[in-house]
> 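Below: one structure in structure tokens.
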Amino acid sequence: MDPRTNPYAPGAGLRPPELAGRDELVERGAIALDRVRNGLPARGMMLYGLRGVGKTVLLNKIRTDAEARGIVTASLEAPEGRSLPEIIVPILRGALLKISSAAAVKSRLFGILAAFGKAMKLKFNDIEVAIDAGPIFGVADSGDLERDLGDLFVEIGAAAGREKGAFALFVDEMQYIKKDELGALIAAIHRIAQDGVPVTLFGAGLPQLLGLAGRAKSYSERLFEFVEVDRLNEAAARAALVDPARRLGVDYAEEATMRVLRETRGYPYFVQEWGKHCWEAATATPIGADVAEDATERSLHALDASFFRVRLNRTTPLERRYLRAMAELGPGPTYRSGDVADLLRKESSQVAPVRASLIQKGMVYSPAHGDVAFTVPLFDGFMRRSMSLDD
Ligand SMILES: Nc1ncnc2c1ncn2[C@@H]1O[C@H](COP(=O)(O)OP(=O)(O)OP(=O)(O)O)[C@@H](O)[C@H]1O
Ligand SMILES: [Mg+2]
């Protein structure tokens with residue numbers, strides 16, 4: 001088929017041609033937003049799940065819906081190894097520009113943000129913000145992240161709320177925020193939620209986010225709705241594959257659809273990848289089983305060279321051996337850490353640092369004490385294809 005019209009969108013955070021199977025989650029987000037805007041208690045959402053299940057896409061959708069409601073939003077992706085204050089200041093500055101308030105209110109907000117940046121600069125010296133010497137408000141400038149973030153949110157929320165709006169902060173890859181900074185962010189939201197300030201937080205991250213948030217602040221689970229974003233059920237995966245092509249006059253034979261659903265197991269990223277390759281390989285409609293088979297080969301090849309490979313490239317040789325040993329134990333999804341250690345002919349305590357660094361890098365997580373699992377779906381197959389246990 002014509003590559004110019006290929007509708008599929010494999011990629012990070014790329015809006016899919018069909019946002020399948022997420023209506024209920026989108027609606028839950030919309031309810032939370034409407035409640036916040038109307039001054040009612042509401043819990044922000046924390047979306048957690050494996051790589052490529054569609055967390056970023058969902059977060060972006062909820063954000064677009066928020067903006068359509070006149071809610072002021074700001075969104076950031078937590079990078080590995082940088083401080084939260086450093087990244088949040090420029091992002092909040094962008095949000096302030098969108099608050100249509102009187103000039104005096106605006107200049108107060110910018111002044112307070114500058115003071116926040118300055119106080120944080122003293123503490124986290126990696127932060128680069130243009131700091132104007134303005135009037136001193138004595139707000140958000142104590143240098144205590146939790147308190148200052150709370151102050152800032154109160155000010156922004158009050159300004160946004162004046163026009164029956166609200167302020168919503170969206171944070172992606174939240175598992176990369178350092179523990180004390182995550183605790184400060186959650187505590188700041190907690191404080192303002194109690195005061196009825198129209199501010200809310202939507203986050204997304206790998207499955208370890210659940211435990212990280214709980215350990216940072218034990219009341220996290222009451223403050224936020226933790227929602228697992230999982231692979232698509234059969235009907236949704238089918239819609240994600242079939243509907244975009246059908247809109248362009250191209251159908252799938254049932255065997256082809258079944259083949260793709262089986263290979264992708266309903267993981268959204270993989271459905272996009274397989275759809276793209278089916279389209280590329282097909283010469284006529286309906287797309288048949290032979291095309292799906294061809295697409296499987298092309299898709300695995302593409303995944304091995306990019307989606308899987310970029311993740312493996314971030315690991316050390318020791319970490320790769322650990323991952324390979326996990327894969328040796330089969331498709332999982334969970335593995336006993338002890339079994340992995342046995343395969344490596346080591347004591348659990350000897351491999352614990354490797355396991356910890358893999359968790360830190362977001363390659364694996366621990367679903368329960370003593371268990372370990374890949375954060376990337378189908379990674380076990382890739383590991384078996386790409387190296388042997390003795391490498
Ligand atoms: N509901 C859906 N229906 C169809 N395709 C989807 C859906 N959600 C996401 N996708 C597709 O899946 C891919 C991955 O989406 P996204 O980047 O949002 O995943 P993610 O969970 O944020 O992954 P990561 O953990 O790697 O950041 C994209 O190509 C996107 O178009
Ligand atoms: Mg993402």
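Values below: every heavy atom of this structure, side chains too, minus hydrogens, waters and symmetry copies. Counting starts at 1 for both ligands and their atoms, following the listed order.
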> When you measure from the centre of the six-membered ring of Phe307, is the NZ or CZ of Arg311 closer than 6.0 Å and no more than 45° off the axis?
yes

> What atoms of ligand 1 come closer than 4.0 angstrom to any heavy atom of Thr56?
18 (O), 20 (P), 22 (O), 27 (O)

> Would you check the N or O atoms of Leu19, main chain and side chain alike, for any that come under 3.5 Å of an N or O of ligand 1?
no

> Run the numbers for me: atoms of ligand 1, each under 4.0 Å from some heavy atom of Glu173, listed by number.
27 (O)

> Using distance alone, decide if ligand 1 has a nitrogen or oxygen within less than 3.5 Å of any nitrogen or oxygen in Gly54.
yes

> Give yes or no for whether the N/O distance cutoff of 3.5 Å, strictly under, is met between Ala12 and ligand 1.
no

> Any atoms of ligand 1 less than 4.0 Å from a non-hydrogen atom of Ala240? List them with their elements.
4 (C)

> Check whether any N or O atom of Val53, backbone or side chain, sits under 3.5 Å from an N or O atom of ligand 1, and answer yes or no.
yes

> Just by distance, do the side chain of Arg246 and the backbone of Asp251 share a donor-acceptor pair under 3.5 Å?
no

> Please report whether ligand 1 has a polar contact with Gly11, defined as an N or O pair separated by less than 3.5 Å (distance criterion only).
yes

> Please could you name the atoms of ligand 1 that Arg311 approaches to less than 4.0 Å, counting only its heavy atoms?
26 (O)

> With heavy atoms of Glu18 as the reference, note each atom of ligand 1 found under 4.0 Å away.
3 (N), 4 (C)

> Between Lys55 and ligand 1, find which residue part has any heavy-atom pair under 4.0 Å and reply side chain, backbone, both or neither.
both

> Answer yes or no: is there an ion pair linking Arg191 with Asp151, defined by an N-O contact shorter than 4.0 Å?
yes

> How does Arg22 reach ligand 1, if at all, at less than 4.0 Å between non-hydrogen atoms: by side chain, backbone, both, or neither?
side chain

